[in-house]
J.: 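Can you read through this structure? Questions will come right after.
For ligands, and for the atoms within them, numbers begin at 1 and follow the listed sequence.
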Amino acid sequence: MTTLVQKDESQNRQKAMIAAHYTRLARSRDTGERNVYTFVPGNLTELVRSFDLLPVLPEINALQSGMRGKSKEYIAVAEKAGHSEDVCTYVKCDLGMMKSGNLGPTGERLPDPDLLLLSYTGCFTFMKWFEILRAEYDCPVAMLHVPYQSDGVITDAMRDYVVRQIRSDVIPALERASGRRYDEDRLKEMLARSAQAEDDLVWVLGSAKNRPSPIDAYFGGVYYLGPIFTAFRGTEEAVDYYRMLREEVAARLASGRGPLTPDGEITDERFRLVVEGPPNWTSFREFWKMFADEGAVVVASTYTKVGGVYDFGFRHDPSRPLESLAEYCMGCYTNLSLPRRVDMLCRYVEEFDADGLLVNSIKSCNSFSAGQLMILREVESRTGRPAGFIESDLVDPRYFSAANIKNRLESYFQMIEQKRGRATA
Ligand code: SF4
């Protein structure tokens, strides 16, 4: 028996926004609108949209396909075409979708790319992915090389290096793809709107410091991040969405309510967790339920920072448009060194008063998984709070073992309780 899925109003709104964007893309052959394929981390959405180009995010297509039960067949198509089992499943899902008619999540055909814009922020797979797409589509490519934050700082030389590339490579490529001239005033207006939306988003994520937390910052968080991580940063729609979301969460907080899950509200917050790693999309609801049934609420997560780390103060800045875009790209979570990631997680555990850190290690995502055991040990020893480890995959249902994950979660929750018992004994 399936129970009715419960949703906040903001969730319906963001779903409608994303669906409308897919419809707009599908109709672009008739309307003449052109597009840019690009990735979530380090995306230059405001710049792209300032040319009236529409962003297409292949990872979002893949995760949407995973949530809609299509990824299994797409991955099989890619594997049949020779892509190994070890390749990132977002890539295989995307390639399988393309080979199966490029039908987007709403069932309509997506347009071929007018430009592949690779903003290279830390994951080597991005480069290989676009090499394959370039061969398939035979379309222009622009690459922005974003220096890795190996020492945990952004120097002037790093910023200048990225700005120079935006001026000399990215903007001319966008001019050619759109047939429009670069308009810096327009970009500044968009960046001002981004900063407004980012303020509201940071407030929403910070609300999880309360007890009970009014939000789940991982499972619920991915919905909150939808508009800002996809095609909407810099638009009025994003400003309106984040204002509405903030009001919704403020009302929930004022009445002392916990987060709404698809199976109802969490009324008894028993565990507060920080989660590292992306979620599984093919069994997303089942996965969330395993936490919700135990009263486990995620109060902070790193996955909700892959498209931008805003909670430590960064905002897009219209007074320094290209510099601020460069800093944004360099500050994405995927571009941070392991010591920086450890610092960030320790800070989350402490500031959100979490019971501990849980790592969801993703089989096919080397970018996230590398170093996770070291991260786990470091965070555990620095915060003194227990850490747990589970494994799944992004969009390959073969690697979601519900019984295994449930067992490990139960052991982890017992460990937290034992630790509490020792603390009060
Ligand atoms: S390896 Fe991870 S970060 Fe890289 S493209 Fe795949 S899912 Fe994204």
J.: Just checking, any donor-acceptor pair under 3.5 angstrom between side chains of Tyr328 and Glu46?
T.: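 No.
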J.: Mind counting the protein N, O or S atoms sitting less than 2.8 Å from atom 6 (Fe) of ligand 1?
T.: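 Counting protein N, O and S atoms closer than 2.8 Å to atom 6 (Fe) of ligand 1 gives 1.
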J.: Taking salt bridge (Lys or Arg N to Asp or Glu O under 4.0 Å) as the definition, give me every residue that meets it alongside Lys72, ordered by chain and number, with sequence neighbours left out.
T.: none
J.: Going by distance alone, is a donor N or O of one side chain under 3.5 Å from an acceptor N or O of the other, for Thr282 and Asn280?
T.: yes
J.: For Tyr348 and Val275, indicate whether the former's side chain and the latter's backbone hold a donor-acceptor pair under 3.5 Å.
T.: no
J.: Less than 6.0 Å separating the ring centroids of Phe291 and Phe287?
T.: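 Distance test on ring centres: under 6.0 Å, yes.
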J.: Looking at Arg252 and Glu248, is any side-chain nitrogen of the basic one under 4.0 Å from a carboxylate oxygen of the acidic one?
T.: no
